[in-house]
Peer 1: 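Have a look at the structure that comes next, please.
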Amino acid sequence: MARRPAAERNVQWVFLGCPGVGKGTYASRLSRLLGVPHIATGDLVRDELASTGPLASQLAEIVNQGKLVSDEIIFNLLSKRLKKGEDQGESGFILDGFPRTVKQAEILDGVIDIDMVVNLKLREDVLVEKCLGRRICSQCGKNFNVACIDVKGENGLPAIYMAPLLPPNNCMSKMITRADDTEEVVRNRLRIYNDMSQPVEGFYRDQGKLLEFDLPGGIPESWPKLLHVLNLEDQEELKLAAA
Ligand SMILES: Nc1ncnc2c1ncn2[C@@H]1O[C@H](COP(=O)(O)OP(=O)(O)O)[C@@H](O)[C@H]1O
C-alpha cells in the first residue's frame, strides 16, 4: 500500500462507535455520496465465514461469542480488500469496524494516512435495543432494523426517537438475524468495545483527528446534521427539497 498525498486521492476516513450505533448505515450513505468504497471489517469477516476457506470454522467460534478476531487475521483480510480495490482503481475509503484496538490503529498508522475519524455516539440502553432489532435480508444482504426506539429524556440525557428501518416487501420474508445479535452476545460485544475500542478514540483524539458526533435520533434527524458538521451537502436531498 503506497501513501498518497491527500490532494491526489479521495478521503481516507474511519468510523468508530459501539455495536448498534449505526456506523454501517452512515458510513455506507457517505461512501455513496463521496464515491469511495465503504469497507466494513465485520463484512469481511462474515464473507470469510460464509466461504469454505480454512479460517471459517476458527472464526465462527470467536465471532459467535462476540470476541475480537486476532489483529493478524483482521489485518490480512483488510489488506487483501484494500489491495483488490487499488488494483481496480479505487481511491480513498471509509473504514467501519476497524481499528478496534490501539494495536490495530498503530499498525494502520504505519502503512496509510487517515484524514479524519468520526466517532458516533448513542446511549447504551438504546444500543442494545438497536442491536436486537437488526435484521439482514438473506438475499440482497441489505441491513434493516425492526426496533422502534422511543426513550424519554432523563438525568440530563435528551429524548431519542428512532423509527424502525423496515425492508421493502420483497425482502420482508427473507429477513435473518445475525447469530451474534443475541442479548448475551451483544452485551459482551459492548463490554469488549468499552475495554478495547474506547482507547482507540483517545489515540485519534491525541492526533487531533477525532470528530465526536452524538446521534440526535434516527436517520432523518441525524443525516443532515452529520453532513453539516462534515461540511458536505447531499445533492439528492437538495433536489428533493427544491422539487
Ligand atoms: N477490527 C476488528 N478486529 C477484530 N475483530 C473484528 C474486527 N472487525 C470485526 N471483527 C469481528 O467481526 C464481528 C462483527 O463485526 P461488526 O459487524 O463490525 O460488529 P458490530 O457492527 O456489531 O460492531 C466482531 O464481533 C468481531 O468478532
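Basis for what follows: all heavy atoms, side chains included, without hydrogens, waters or symmetry-related copies.
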Peer 1: Give the table of side-chain donor-acceptor pairs shorter than 3.5 Å for residues 48-62, with sequence neighbours excluded, one pair per line with atom names and distance.
Peer 2:
unit_1	atom_1	unit_2	atom_2	d
S51	OG	E48	O	2.6
S51	OG	G53	N	3.2

Peer 1: Can you tell me if S197 uses its side chain to pair, donor with acceptor, with the backbone of T101 under 3.5 Å?
Peer 2: no
Peer 1: Are K84 and K80 close enough that some pair of their side-chain heavy atoms sits under 4.5 Å apart?
Peer 2: no
Peer 1: Are more than 12 heavy atoms from other residues, nucleotides or ligands located less than 6.0 Å from atom CD of E212?
Peer 2: yes
Peer 1: Within the structure provided, determine whether F93 and I112 are in side-chain contact (heavy-atom separation under 4.5 Å).
Peer 2: yes
Peer 1: So F203 and Q207, do their side chains get closer than 4.5 Å, heavy atoms only?
Peer 2: yes
Peer 1: Run the numbers on L30 and V11 for side chain to side chain contact (heavy atoms under 4.5 Å, CB included), then give the verdict.
Peer 2: CA-CA 11 Å; L30 276 175; V11 301; over 6 Å; no
Peer 1: List the atom of M162, the atom of G217, and the distance in Å for their closest heavy-atom pair.
Peer 2: CE-O, 3.2 Å
Peer 1: How many angstroms lie between NZ in K142 and SG in C137, if you round to the nearest 0.5 Å?
Peer 2: 8.5 Å
Peer 1: Determine, using the 4.5 Å side-chain heavy-atom cutoff (strictly less than), whether L157 and V151 are members of one ILVMFWY cluster.
Peer 2: no
Peer 1: Looking at D71 and K103, does any basic side-chain N land under 4.0 Å from a carboxylate oxygen?
Peer 2: no
Peer 1: Just jot down the side chain to side chain contact (heavy atoms under 4.5 Å, CB included) partners of E129, sequence neighbours excluded, or say none.
Peer 2: I149
Peer 1: Decide yes or no for V63 and V45: does some side-chain heavy atom of the first lie under 4.5 Å from some side-chain heavy atom of the second?
Peer 2: yes
Peer 1: For L132, give me all partners under side chain to side chain contact (heavy atoms under 4.5 Å, CB included), at least two apart in sequence or on another chain.
Peer 2: V128, E183, V186
Peer 1: Whether the side chain of T177 engages the backbone of R135 through a donor-acceptor N/O pair (distance < 3.5 Å, no angle test) should be reported.
Peer 2: no
Peer 1: Quick one, K174 with C140, criterion side chain to side chain contact (heavy atoms under 4.5 Å, CB included). Give me CA distance, side-chain angles, the key distance, then yes/no.
Peer 2: CA-CA 9 Å; K174 301 167 193 121; C140 72; over 6 Å; no
Peer 1: Measure across L215 and V21 and return the closest heavy-atom pair with its distance rounded to 0.1 Å.
Peer 2: CD1-O, 3.1 Å
Peer 1: Indicate yes or no: does E90 engage R81 in a salt bridge with an N to O separation below 4.0 Å.
Peer 2: yes
Peer 1: Below 4.5 Å, heavy atoms only, C-beta onward: do V146 and L166 meet side chain to side chain?
Peer 2: yes
Peer 1: To the nearest 0.5 Å, what is the distance between CD1 (I94) and CZ (R29)?
Peer 2: 12.5 Å
Peer 1: So does R100 get a backbone contact from the side chain of Q104, meaning a donor-acceptor N/O pair under 3.5 Å?
Peer 2: yes
Peer 1: Test side chain to side chain contact (heavy atoms under 4.5 Å, CB included) on L95 and F15; report intermediate values, then the result.
Peer 2: CA-CA 6 Å; L95 280 185; F15 265 59; over 6 Å; no
Peer 1: With a 4.0 Å cut-off on N to O distance, would you call R46 and D43 a salt bridge?
Peer 2: yes
Peer 1: Counting distance only, does the side-chain N/O of K209 pair as donor-acceptor with the main-chain N or O of I114 below 3.5 Å?
Peer 2: yes
Peer 1: Report yes or no: do R191 and N188 form a side-chain donor-acceptor pair below 3.5 Å?
Peer 2: yes
Peer 1: Indicate the atoms forming the closest heavy-atom contact of P99 with A105, along with that distance.
Peer 2: CB-N, 3.5 Å
Peer 1: Is there a path from V185 to Y193 through hydrophobic residues (I, L, V, M, F, W, Y) whose side chains come within less than 4.5 Å of each other?
Peer 2: no
Peer 1: What are the two closest heavy atoms between L127 and C18, and how far apart are they?
Peer 2: CD1-CB, 3.4 Å
Peer 1: Under 3.5 Å, is there a donor-acceptor pair between the side chain of N145 and the main chain of K130?
Peer 2: yes
Peer 1: Which pairs, with at least one residue in residues 161-171 and sequence neighbours excluded, count as a side chain to side chain donor-acceptor pair (under 3.5 Å)?
Peer 2: none
Peer 1: About how many Å separate OG of S79 and CD1 of I107, when rounded to the nearest 0.5 Å?
Peer 2: 9.0 Å
Peer 1: Test salt bridge (charged side-chain N to carboxylate O under 4.0 Å, His left out) on D180 and K67 and set out the steps.
Peer 2: CA-CA 10 Å; D180 59 343; K67 292 184 184 159; over 6 Å; no
Peer 1: So, for S91 and P37, which heavy atoms are closest and what is the spacing to 0.1 Å?
Peer 2: O-CD, 4.2 Å
Peer 1: Hey, what do you get for CG (L165) to CZ (R134), rounding to the nearest 0.5 Å?
Peer 2: 12.0 Å
Peer 1: What about V69 and I192, same hydrophobic cluster or not, with Ile/Leu/Val/Met/Phe/Trp/Tyr joined at side-chain heavy-atom distances under 4.5 Å?
Peer 2: no
Peer 1: To the nearest 0.5 Å, what is the distance between NE2 on H38 and NZ on K23?
Peer 2: 9.0 Å
Peer 1: Go through it in stages, so that I can follow the logic: the residues are V200 and V117, the test is side chain to side chain contact (heavy atoms under 4.5 Å, CB included), and I'd like the CA-CA distance, side-chain angles, deciding distance and then a yes or no.
Peer 2: CA-CA 10 Å; V200 176; V117 178; over 6 Å; no
Peer 1: Hey, are the side chains of L211 and Y204 touching, using non-hydrogen atoms and a 4.5 Å cut-off?
Peer 2: no
Peer 1: So which atom in V102 and which in P199 form the shortest heavy-atom distance, rounded to 0.1 Å?
Peer 2: CG2-CB, 3.6 Å
Peer 1: Between T41 and G97, is there a donor-acceptor pair closer than 3.5 Å when you use the side chain of the first and the backbone of the second?
Peer 2: yes
Peer 1: Could you see if W223 belongs to whatever hydrophobic cluster contains V126? Use Ile, Leu, Val, Met, Phe, Trp, Tyr and a side-chain cutoff under 4.5 Å.
Peer 2: yes
Peer 1: Evaluate the side-chain proximity of W13 to V36: yes if any heavy-atom separation is below 4.5 Å, no if none is.
Peer 2: no
Peer 1: Taking only residues two or more places apart in sequence or in another chain, which ones pass salt bridge (Lys or Arg N to Asp or Glu O under 4.0 Å) with D115?
Peer 2: R9
Peer 1: Whether K225 and D214 form a salt bridge (side-chain N of Lys/Arg under 4.0 Å from carboxylate O of Asp/Glu) is what I want to check.
Peer 2: no
Peer 1: Within the 4.5 Å heavy-atom criterion, are F98 and I74 side-chain neighbours or not?
Peer 2: yes
Peer 1: Do V14 and L210 share a hydrophobic cluster (ILVMFWY, side-chain heavy atoms under 4.5 Å, transitive)?
Peer 2: yes
Peer 1: Could you measure the distance from the OG atom of S28 to the CG atom of D96? Nearest 0.5 Å is fine.
Peer 2: 9.0 Å
Peer 1: Between E154 and R123, does at least one N-O distance fall below 4.0 Å, as a salt bridge requires?
Peer 2: yes
Peer 1: If you group Ile, Leu, Val, Met, Phe, Trp and Tyr whenever their side-chain heavy atoms sit less than 4.5 Å apart, what else falls in with F144?
Peer 2: M175
